[in-house]
There are 2 protein chains.
Amino acid sequence: MDPQRPQVTLRMLADRLGLHVSTVSRALHAKPEEGRRAASSATIARIRELADELGYQPNPHATSLRTQRSNLVGVLVPRLSDLVLATVYEGIQEAARAQGLSTFVTNTKDEPDTQRAQTEMMLARRVDGLIFGDARADGALLAETAARGVPFVLVSRHVAGHTSVTCDDPLGGRQAAEHLLGLGHRDFAVIAGEPYASTGIDRTRGFLERCAEDGVTVPPDRIVHSAFDARGGREAADRVLDTSGPQPTALFAVNDFAAIGAMGALRDRGLSPGQDIAVVGFNDTPLAAELPIPLTSIRSPMHEMGRRGLDLLTRLLAGEPAPSERLAPTLVVRASSDRPPRS
Amino acid sequence: MDPQRPQVTLRMLADRLGLHVSTVSRALHAKPEEGRRAASSATIARIRELADELGYQPNPHATSLRTQRSNLVGVLVPRLSDLVLATVYEGIQEAARAQGLSTFVTNTKDEPDTQRAQTEMMLARRVDGLIFGDARADGALLAETAARGVPFVLVSRHVAGHTSVTCDDPLGGRQAAEHLLGLGHRDFAVIAGEPYASTGIDRTRGFLERCAEDGVTVPPDRIVHSAFDARGGREAADRVLDTSGPQPTALFAVNDFAAIGAMGALRDRGLSPGQDIAVVGFNDTPLAAELPIPLTSIRSPMHEMGRRGLDLLTRLLAGEPAPSERLAPTLVVRASSDRPPRS
DNA sequence: GCAAGATACCCAAACGTTTGGCCCAATCGT
DNA sequence: ACGATTGGGCCAAACGTTTGGGTATCTTGC
């Protein structure tokens with residue numbers, strides 16, 4: 001099976017150099033700043049040289065076993081096939097690599113049972129800490145996990161009482177409202193995402209608050225929950241548009257994919273997004289700018305969120321304080337909402 | 001930091017039961033079918049009970065160190081934020097979990113240097129095997145890796161001489177051509193993807209071959225390479241449409257996202273996809289059906305590809321034969337290509 | 001009643017590190 | 001010249017498993 005994979009060990013290096021394995025170990029770890037050096041600089045050089053030559057790579061299992069630290073972090077996301085979380089994870093991974101950490105990632109589909117099972121699985125793998133990208137406003141998993149003394153942070157979504165890195169979602173919602181109000185819109189519909197996700201909740205709340213400041217209210221039947229994907233957006237839009245009475249002139253979806261699905265639903269009714277009805281999405285997915293009708297969206301720093309999330313976790317692991325962070329979103333206006341409401 | 005995380009070990013169980021640690025170990029592994037039992041059934045029951053009660057989880061580092069097997073597989077993909085590969089990875093992970101394996105995944109951005117570095121990183125982590133989702137037709141990394149005796153399989157893309165699970169891409173290309181030819185189209189453009197990816201190469205080849213069978217040829221300046229995302233598709237479409245002479249009546253993009261970008265470019269020129277020019281994509285991404293103009297696409301079994309890929313790898317790890325597989329694509333017709341060319 | 005199997009365990013080594021101590025020789029201070 | 005320091009390195013234990021080999025005790029066949 002493995003014709004030639006004789007892994008190089010410390011002992012091999014030691015034997016070949018006539019040194020003790022502990023000396024080699026110390027030499028390879030010795031930071032120059034250390035007071036008491038592990039060996040003479042000449043010996044250290046010899047050791048380093050041989051290690052490079054033979055391509056020595058420390059066995060991480062042995063190291064973890066000995067040090068009781070795995071340098072592994074577990075990441076839980078609803079789905080990796082959701083571009084938003086995939087991008088957040090890319091940020092996490094990038095930051096992790098910079099710190100010499102590796103990451104396990106797994107899908108939980110936003111199902112509490114799966115979340116719990118995967119959390120256990122991660123702990124069984126002896127991760128040093130966890131990053132939840134799928135925190136639910138309801139549910140007790142986070143509290144229990146915290147009670148067990150497991151270090152973790154949340155990204156993308158937040159839950160009171162736990163460290164998190166999120167987009168300033170209320171602000172994002174406000175920006176969307178401000179933009180549409182500025183164009184003269186007064187009749188809105190909101191596709192609000194899943195009811196258990198703080199992202200959807202906060203974006204919707206911010207939107208409604210800003211509307212209220214201008215004396216505009218959005219009737220409850222114009223605010224519908226939805227999955228965070230295109231199909232969810234289409235279905236939600238269908239539900240909203242099926243209600244009787246005057247149609248909205250603008251639609252805010254808390255997620256770009258939901259917005260895309262909604263645009264499909266609009267088209268099916270002969271409404272042209274951007275002409276007959278304004279549409280604003282959220283996240284400013286790379287796709288948004290390239291769509292046939294480019295989508296106005298609130299850009300959220302997804303990648304950055306991941307990086308900060310991991311940085312917070314390492315701070316937590318080091319016993320340092322790790323205050324939650326909220327990253328600012330920015331409005332990006334495109335053709336799907338660049339004109340006032342019709343007549 | 002860790003208030004209460006006293007990990008349960010074999011020794012704890014053993015001590016508490018007055019048994020030897022090896023007895024406990026055997027008892028917990030004993031498959032009923034084993035001939036020589038590890039202990040009396042009463043003892044085994046006692047052990048199992050206590051293990052459950054205390055929530056014993058074997059330390060994977062200790063196990064890996066001892067058995068020289070990590071039960072880890074490394075997965076390399078161009079980008080996880082590419083929905084196609086993210087979905088393939090979901091399949092891999094699902095199959096891995098079923099086998100008690102865990103997966104590391106990492107982005108290589110299709111850059112040879114990064115691919116090499118990440119391969120090393122995976123091996124340093126002592127993965128049992130690798131799955132490449134980013135194999136390049138050029139380059140020597142695969143050959144070198146094989147020469148080192150590292151077990152691996154390819155998914156999504158193939159390279160001669162290595163085990164792989166792919167979509168039958170030539171067939172998919174043919175299906176696209178057949179569909180468009182059947183509608184009466186004769187003037188084609190092809191957005192062919194990256195030149196080093198077998199997916200793009202094979203899909204394009206299949207398409208052209210099928211055309212040739214009907215005596216239709218696609219001029220070289222109508223076949224353009226592109227990145228596998230919306231922006232790449234838009235740019236490629238712009239290039240194709242900027243060429244002088246009569247415009248094509250149908251466009252085949254080897255990837256849904258490229259197709260979406262292309263539709264944007266068409267719109268910018270006042271061409272209506274589905275009306276003025278037929279568009280066919282590839283992969284049948286969930287988005288395709290929900291777009292404002294639903295996209296005809298060749299459905300590829302992305303999830304399944306991942307599962308099979310992992311299954312092949314485990315077969316390889318078990319020393320069994322692991323022949324390459326090619327999964328069948330299917331055509332899904334939608335509004336972007338459901339009518340004959342204009343006059 | 002006794003050799004031959006089973007049965008039910010225990011022993012100990014090994015996987016590759018890390019790390020607190022220890023030891024020897026050379027250097028230093030005075 | 002001699003005790004103290006220090007530089008350079010060795011020793012051994014430990015992390016938690018797995019596993020090839022024991023060794024008593026109990027059956028069993030005859």
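Chain A is the first sequence line, chain B the second, and so forth, proteins listed ahead of strands; every chain is numbered from 1. Atom set for the values below is all heavy atoms of this structure, side chains included, hydrogens, waters and symmetry mates excluded.
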Within this structure, what is the CD1-to-C1' distance between B:I47 and C:dC9, rounded to whole angstrom?
-> 10 Å
Within the structure, does a side-chain N or O atom of A:T23 lie under 4.0 Å from either OP1 or OP2 of D:dC10?
-> yes
Ionic contact status for B:R307 with B:E304, cut-off 4.0 Å = yes
Does B:A62 or B:S22 map to a spot on DNA chain D nearer the 5' end, using the closest nucleotide for each?
-> B:A62
Non-hydrogen side-chain atoms of B:L19 and B:I47 separated by less than 4.5 Å = yes
Output yes when at least one side-chain N/O atom of B:Q68 is less than 4.0 Å from OP1 or OP2 of C:dG16, else no.
-> yes
Send over the distance from B:L10 CG to D:dC15 C1', rounded to a whole Å.
-> 13 Å
To the nearest angstrom, how far is B:L19 atom CG from C:dC9 atom C1'?
-> 8 Å
So what does A:S25 hit on the nucleic acid, given a heavy-atom distance under 4.0 Å: a base, only sugar-phosphate, or nothing?
-> base
Within the pair B:T43 and C:dC9, is there a side-chain N or O less than 4.0 Å away from OP1 or OP2?
-> yes
Salt bridge flag under 4.0 Å for residues B:E144 and B:R116 | yes
Measure up the A:F152 and A:H162 rings against each other and bin them: parallel (under 30°), tilted (30 to 60°), perpendicular (over 60°).
-> tilted
What about B:R26: does its side chain form a donor-acceptor pair under 3.5 Å with the base of D:dG21?
-> yes
